[in-house]
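The structure appears below as structure tokens.
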Number of protein chains: 2
Amino acid sequence: MRIKPKIDRKRIIIMAAADLFREKGYNASSVRDIAAMVGLEPSSIYSHIKSKEELLAEICLETANKFMLGINIISKQDISAKKMLKLLVSLHLDIAFENPSFAIVYIDEWRYLPEPILSEFLNLRKDYDKKFKKILTDGKSDGKFSFLNSDIAFNIIIKTLNWSFTNLKKFRREEVEEELNHLIFNGI
Amino acid sequence: MRIKPKIDRKRIIIMAAADLFREKGYNASSVRDIAAMVGLEPSSIYSHIKSKEELLAEICLETANKFMLGINIISKQDISAKKMLKLLVSLHLDIAFENPSFAIVYIDEWRYLPEPILSEFLNLRKDYDKKFKKILTDGKSDGKFSFLNSDIAFNIIIKTLNWSFTNLKKFRREEVEEELNHLIFNGI
DNA sequence: CCTACCGATCGGTAGG
DNA sequence: CCTACCGATCGGTAGG
């Protein structure tokens, strides 16, 4: 007797959707395409999912929750802001290399989330950003960081960390991490 | 007698399209929406443009050409790599602040360009990237830059420069430029 | 999980 | 620049 086989099928569909959304963008990806990728007729997809939007929601929220989980663990530790930032670099790379398609869709396609999921997603992001910024401002208070405006610096650094996940496969993870740490902490 | 009034109308349509593409993404933006923005019936748009794709092409190629023009001027000067990189920071901010919608569409929506325009666009980008990378490697040869891998460093820095053009309006240009220069040259 | 199908919306054209 | 309209494609449902 198989237990909840639908769970596995659904996961396969979500992963196929992530690959497609990444490649063509959410709006240019059709349910028919996703169905073909997993060997189903278009309408059969709906035995496993409620809607195309649900697929995007699962991808974006799962990834957002990974970031939240990670930053919560990092924030709680009794270490310097500099070490925390180093762990954040590592966290972003963990998530990006673990599942590149999810990471790219999370970065590039979240805006197509329907309400009320969009609000839920944005709240997670706002929470993440706040915790990230606190690490930066703590580091500045301690005299370890010397950026000028914490909002601008935060925006630049978060963008840097989410750098072209697109080209990720071309490089080894350790190389990327070394380079990011070098640039963030010492500059070019 | 009015001379070539269509040029102005077309420009207005392109700018409206850029605003819409930026806000909703290319695929989620309909010709009907663009027409409504400029006060025309949907079909009347086609008296001014050939297709929706043409609008995207104009936005992306015009912006790509601005970048090419800028880097060609910068590369020709007899100055250090560090000064060149500083001018590149300035170039990216010039283009971003001059027309944020064009800049964002250029960054986020270019992949929806149809062939053969996509290839033309990618060739411009490849040329730009090559010139940008040369400045970085020159700076390293001179011992002024200390990054590790020029491909990775280039990707990170270009991403940093194109940082959330999305939030640009929240900050003053000089502040952003100061912060970028600080982070790129000295680190956090 | 499939066959059959639907209403909505899309980019674009014909003809004036 | 408009009215009228078209074929294609979309997300999704009915019913088995």
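First the proteins, then the strands, lettered A, B, ... as listed; each starts at 1. Predicted model only: the values in this text are computed from it and were never measured.
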**Prompt:** With a 4.5 Å heavy-atom cut-off, do B/Asn181 and B/Glu177 have their side chains touching?
**Reply:** yes
Sequence neighbours excluded, the answer for ring pair (Phe, Tyr, Trp, His ring centres under 6.0 Å) partners of B/Phe154 is B/Phe132
Shortest non-hydrogen pair, B/Arg173 vs B/Leu93, comes out as NH1-C, 3.6 Å
Span of DNA chain C engaged by chain B, first through last nucleotide within the 4.0 Å heavy-atom cut-off, is C/dC10 to C/dT13
Under a 4.0 Å heavy-atom cutoff, the residues of residues 26-33 of chain A touching DNA chain D are A/Ser29, A/Ser30, A/Val31, A/Arg32
Check: Do we get B/Lys82 above B/Phe145's six-membered ring, with its NZ or CZ under 6.0 Å from the centre and within 45° of the axis?
Finding: no
query = Taking C-beta and beyond as the side chain, do A/Asn72 and A/Lys131 meet within less than 4.5 Å on heavy atoms?
reply = yes
Checklist line | Within 45° cone and under 6.0 Å: A/Lys52 NZ/CZ vs A/Tyr46 ring | finding: no
Quick one: side chains of residues 62-71 of chain B, donor-acceptor pairs under 3.5 Å with protein atoms, not counting sequence neighbours, listed by atom name and distance.
{"from": "B/Glu62", "atom 1": "OE1", "to": "B/Arg11", "atom 2": "NH1", "distance (Å)": "2.7"}
{"from": "B/Glu62", "atom 1": "OE2", "to": "B/Arg11", "atom 2": "NH2", "distance (Å)": "3.0"}
{"from": "B/Thr63", "atom 1": "OG1", "to": "B/Ile59", "atom 2": "O", "distance (Å)": "2.8"}
{"from": "B/Asn65", "atom 1": "ND2", "to": "B/Leu61", "atom 2": "O", "distance (Å)": "3.1"}
{"from": "B/Lys66", "atom 1": "NZ", "to": "B/Glu98", "atom 2": "OE1", "distance (Å)": "3.3"}
{"from": "B/Lys66", "atom 1": "NZ", "to": "B/Glu98", "atom 2": "OE2", "distance (Å)": "3.3"}

Does B/Lys134 have more than 12 heavy atoms from other residues, nucleotides or ligands lying within 6.0 Å of its NZ? no
Return the orientation label for the B/Tyr26 and B/Phe21 ring planes: parallel under 30°, perpendicular over 60°, tilted otherwise.
-> perpendicular
- Message: On the six-membered ring of B/Tyr128, is B/Lys133 placed so that its NZ or CZ lies under 6.0 angstrom from the centre and within 45° of the ring axis?
- Response: no
Note: contacts of residues 50-59 of chain A with DNA chain C (heavy atom, under 4.0 Å) are none
Quiz item: How are the rings of B/Tyr106 and B/Phe121 set relative to one another: parallel (under 30°), tilted (30 to 60°) or perpendicular (over 60°)?
Solution: perpendicular
Here DNA chain C, pairs taken as Watson-Crick or G-U under 3.5 Å and shown with ( ), [ ] when crossing and | when to another strand, reads ||||||||||||||||
Would A/Arg22 and A/Glu109 pass as an ion pair if we require N to O under 4.0 Å? no
